[in-house]
Amino acid sequence: SYIVFSSVLLNRHFFVQKKKKERIGCVLLFMLLTFSIFFLGSKMTIVLFFILNVMILLNYYKALIIPFFILIGTIFFLIKDRFLTTLEKSIGDRLIFFKKSMSIISENIWFGRGEKNIAQHKVLIGEELTQLIPHNGFLKEILSNGIFGLLIVLSLFAILVYKAIIIKNNSVYSFLFLILALCMIEDYIYIQRGLFFFIYFGILLSNSFNFKLR
């Protein structure tokens, strides 16, 4: 997530920067981030890296989309076997986790089961019993604290969306899209690095900047 968001901010900076040396520096750093996301990121962050940066290029300079596609395609060719072989398992495992989570939620929808009690549930992955990990931030919140807890989390997102609309800044939109997408496939705001990313940049973007980058 840090690599993806860094690439978004760097990409926007490139288009408002007039100094040639700094533009070259932006290009070199962006290429480094591109290689990094393919070899350090998850499948979801790779997809988000591609989507968000294509949206920026469509908005600012469409001619750069072709070189960007060539760069992405070349790197993807190098890792396609690892990417594709793990994709099916990742999707299959998550569907099992989602189904189990929904069955538990139906029995404890108002107040949840409590976060510590989630680990008591097991799911069968292949031939092995595995501890339940919802792999979805919103399912995790309902499991932990029920509908009331989910409403609190959604209200936080609603405030940020409202701020984004008021500020009218594409960097904030990218941040929210990134967070929401990651919460759909991971317990993102429950892990330390995810929670820090969400709180730090959420506060920073909504209160500290009057962005001119549109």
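We count residues from 1, following the sequence as given.
Note that CG of N117 is 11.5 Å distant from CG of L132, once rounded to the nearest 0.5 Å. Within the model, atoms OG1 of T74 and CZ of F77 stand 9.5 Å from one another, a figure rounded to the nearest 0.5 Å. How far CD1 of I75 is from OG1 of T34: 5.5 Å, rounded to the nearest 0.5 Å. Here CZ of F38 is found 5.5 Å from CD1 of I46. Values are rounded to the nearest 0.5 Å. In this structure, the separation between CG on L33 and SG on C26 is 10.5 Å, given to the nearest 0.5 Å. Atoms CD1 and OG, from I56 and S7 in turn, are 6.5 Å apart once rounded to the nearest 0.5 Å.
Residues I159 and Y173 are members of separate hydrophobic clusters, defined by side-chain heavy-atom contacts under 4.5 angstrom among Ile, Leu, Val, Met, Phe, Trp and Tyr. Neither L180 nor Y162 shares a network with the other; the hydrophobic side chains, linked directly or stepwise wherever heavy atoms of I, L, V, M, F, W or Y lie under 4.5 Å apart, form separate groups for each. Placement of I133 and I91 in two distinct hydrophobic clusters is found when ILVMFWY residues are connected by side-chain heavy-atom separations under 4.5 Å, directly or transitively. Both V172 and Y200 belong to a common hydrophobic cluster when Ile, Leu, Val, Met, Phe, Trp and Tyr are linked at side-chain heavy-atom distances under 4.5 angstrom. Under a hydrophobic clustering in which Ile, Leu, Val, Met, Phe, Trp and Tyr are joined whenever their side-chain heavy atoms come within less than 4.5 Å, directly or via other members, F201 and L156 fall into different clusters.
By the 30° and 60° cut-offs, the orientation of the rings of F148 relative to W110 is tilted.
Here I24 is tied into one hydrophobic group with L28, each link being a pair of ILVMFWY side chains closer than 4.5 Å.
No side-chain heavy atom of I96 sits less than 4.5 Å from a side-chain heavy atom of K100.
Scanning all heavy atoms of the two residues, the minimum distance from I105 to I142 falls at CG2-CG2, 3.6 Å. Considering all non-hydrogen atoms of both residues, L139 and S101 come closest at CD1-CB, 4.2 Å. The shortest non-hydrogen separation linking T45 to V4 is O-CG2, 3.4 Å. Of all heavy-atom pairs between L143 and I118, the closest is CB-CD1, 3.6 Å. Nearest heavy atom pair, residue S171 against residue L9, reads OG-CD2, 3.8 Å.
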Less than 3.5 Å apart, which donor and acceptor atoms pair up between the side chains of residues 181-197 and the rest of the protein, not counting sequence neighbours?
from : atom 1 : to   : atom 2 : distance (Å)
E186 : OE1    : H135 : ND1    : 3.3
E186 : OE2    : R94  : NH2    : 2.4
D187 : OD1    : H135 : N      : 2.9
D187 : OD1    : N136 : N      : 2.9
Y188 : OH     : S1   : OG     : 2.5
Y190 : OH     : E141 : OE1    : 2.1

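Counting heavy atoms of neighbouring residues, nucleotides and ligands inside a 6.0 Å radius, atom CZ of F39 exceeds 12 of them. Counted within 6.0 Å of CE on M44, heavy atoms from surrounding residues, nucleotides or ligands total more than 12; the atom is thus considered enclosed. For CZ of F35, the number of neighbouring non-hydrogen atoms (other residues, nucleotides, ligands) closer than 6.0 Å is 12 at most.
For F177 and F5, the ring centers are positioned 6.0 Å apart or more. Aromatic pair F49/F30: ring centres closer than 6.0 Å. Taking the ring centroids of F198 and F157, they lie under the 6.0 Å cut-off.
Applying the side-chain contact (heavy atoms from CB on, under 4.5 Å) criterion to L151, with sequence neighbours excluded, gives I147.
Residue L10 is tested with V27, L29, N53 for a side chain to side chain contact (heavy atoms under 4.5 Å, CB included); the sole match is L29.
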